[in-house]
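Below you'll find the structure, written out as structure tokens, and then a few comments.
For the numbers below, each heavy atom of this structure counts, side chains included, while hydrogens, waters and symmetry mates do not. Just so it is clear, the model here is predicted, and its values are computed rather than measured.
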Amino acid sequence: MRNIKRRIFEIIQIGRDQDGISIAFDFFIAVVIVLNLFVTLIETFDFTDPYMDTLQAIDRLTMMIFGVEYILRVWTAEFLYPKKSTFRAKLAYMRSFYGVIDMLTFLPYFLPIFFPSGIVAFRMFRVARIFRLFRINTYYDAFNVITDVLVEKRDQMFSSVCIILILMVASSLCMYSLEHDVQPDRFQNAFSGIWWAMSTLLTVGYGDIYPITSAGRIVGIFIAFLGVGTVAIPTGIISAGFVEQYTKLKTVSSYSDEFDIRFITLRVQEGHPWEKLTVAEILLPPGMILVVISRGNQTIVPRGDTVLETGDKLILGAEGFKDEIGIKLKELILRERHPWAGRMIKDLNISRQTLIVMVRRGDKIIIPDGSLILQAGDMVILYTKKDVRDSVEIEL
């Protein structure tokens with residue numbers, strides 16, 4: 001049962017290149033999300049009963065799919081949080097950002113069945129399903145550049161928002177002083193001018209509230225000019241952040257040296273001495289390391305508690321012959337100014353499809369985890385297909 005649960009977990013998580021079932025599930029869920037949102041929009045129009053019945057049936061079906069997916073994610077949460085107990089792992093997922101989104105996606109649909117009196121409020125909560133689109137964001141690395149830029153430029157964005165708020169309050173007070181006497185119904189108090197200040201500073205200008213005195217119009221002109229510059233501040237910050245982010249991705253290999261590396265392969269057949277042993281229990285010759293385990297369609301970065309199974313193909317770090325098994329590895333030597341030097345592996349801006357499987361530091365070979373801090377001069381062994389540009393692929 002645990003193997004079945006693990007396989008279900010692998011399927012419902014983001015699919016790897018070689019796991020066709022998981023990739024198909026990701027595509028299926030993305031289609032269901034878009035279909036559900038489409039039905040939600042179409043339901044706002046007036047249709048005859050046959051069409052409305054069809055829309056409601058599609059809506060009900062997609063809600064059931066979301067509910068089943070949520071149950072499966074809660075059931076397999078122990079693999080998402082392997083360091084937590086089963087109960088704490090389930091609780092951690094349910095309290096996480098995506099866990100809350102997954103729950104709000106389908107739960108308001110079924111609540112009116114148990115609480116009919118609150119059907120209007122629950123219908124409003126169903127709008128939360130729009131956040132389900134964030135799930136699509138997790139399937140593509142390119143979308144995450146937006147999040148990376150906002151996180152990296154959060155201090156500058158906060159400063160620009162503060163400037164906008166200060167100008168908005170100042171503009172509202174100024175216009176209230178000039179226009180209150182002639183337009184008491186429009187500028188009743190300082191807060192009445194905030195709407196005008198917001199629409200003017202953000203260069204929208206709805207025209208429902210506007211100055212009619214000469215002094216008010218002159219001040220309005222200056223505020224409109226200030227608004228152009230104010231809007232340009234966060235726009236410039238985000239644009240510069242995108243340029244920096246993509247430049248960083250393109251120049252990851254600018255301050256590094258790369259060399260081909262070869263590996264020997266070993267298959268664990270039935271009756272092999274290493275069968276059913278953990279990686280920590282096997283004895284390797286000096287200078288040799290187990291780098292990757294190929295198990296069916298999976299590529300596993302081994303840890304000490306990883307159990308070797310019959311049929312596993314082991315990739316051992318030693319000079320040997322070339323064997324085609326569809327795995328590409330790269331060797332990367334970090335220079336002094338390399339963007340990765342001095343950073344933890346978990347903080348690196350690399351694709352989810354890129355794994356650092358080994359780090360050689362001097363005469364020491366390190367099997368890395370997320371907390372390992374890379375240093376200049378480290379030799380990094382990567383399992384990747386995309387993110388290291390202008391590199392020579394090593395096919396095993």
Under the salt bridge (charged side-chain N to carboxylate O under 4.0 Å, His left out) rule, collect the residues that match up with [X], sequence neighbours excluded.
X: Arg361; answer: Asp378
X: Lys5; answer: Glu78
X: Lys90; answer: none
X: Glu309; answer: Arg295

- Going by heavy atoms in the side chains, are Val357 and Leu382 under 4.5 Å from each other?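 The answer is no, as the side chains (C-beta and beyond) never meet within the 4.5 Å cut-off.
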Val219 and Ile223, any side-chain heavy atoms less than 4.5 Å apart: yes
Item checked: Contacts of type ring pair (Phe, Tyr, Trp, His ring centres under 6.0 Å), residue Phe79, not counting sequence neighbours ->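 For Phe79 the ring pair (Phe, Tyr, Trp, His ring centres under 6.0 Å) partners, ignoring immediate neighbours, are Phe9.
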The ring pair (Phe, Tyr, Trp, His ring centres under 6.0 Å) partners of Trp75 (sequence neighbours excluded) come to none
For [X], enumerate each residue passing the side chain to side chain contact (heavy atoms under 4.5 Å, CB included) test, keeping only those at least two apart in sequence or located in another chain.
X: Pro302; result: Val279, Leu290, Ile293
X: Ile163; result: Leu167
X: Gln188; result: Ser192
X: Leu266; result: His272, Trp274, Leu314, Leu316

**Q.** Full working for side chain to side chain donor-acceptor pair (under 3.5 Å) between Thr310 and Glu275
**A.** CA-CA 6 Å; Thr310 304; Glu275 186 182 11; 2.3 Å; yes
Aromatic ring pairing Tyr70/Tyr93, orientation class (parallel under 30°, perpendicular over 60°, tilted between)
tilted
Checklist line | Arg7 atom CZ, over 12 foreign heavy atoms within 6.0 Å | finding: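 Enclosed: over 12 neighbouring heavy atoms sit under 6.0 Å from CZ of Arg7.
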*asked:* Looking at Ile21, I want to see if its CD1 is surrounded by more than 12 non-hydrogen atoms of other residues, nucleotides or ligands under 6.0 Å.
replied: no
Taken to the nearest 0.5 Å, the spacing of Leu91 CG from Ser85 OG works out to 9.0 Å
For residues 161-180, the side chain to side chain donor-acceptor pair (under 3.5 Å) pairs (sequence neighbours left out) are Glu179-Gln183, Glu179-Thr213
Give a yes or no on whether a salt bridge exists between Glu10 and Arg6, defined as a side-chain N under 4.0 angstrom from a carboxylate O.
->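 No salt bridge links Glu10 with Arg6.
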Joining Ile, Leu, Val, Met, Phe, Trp and Tyr whenever any side-chain heavy atoms lie under 4.5 Å apart, the cluster holding Phe222 also takes in Ile218
Would a distance-only check, ignoring hydrogens and angles, find a side-chain to backbone donor-acceptor pair under 3.5 Å from Arg267 to Gly311?
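Between the backbone of Gly311 and the side chain of Arg267 there is a qualifying donor-acceptor contact (under 3.5 Å).
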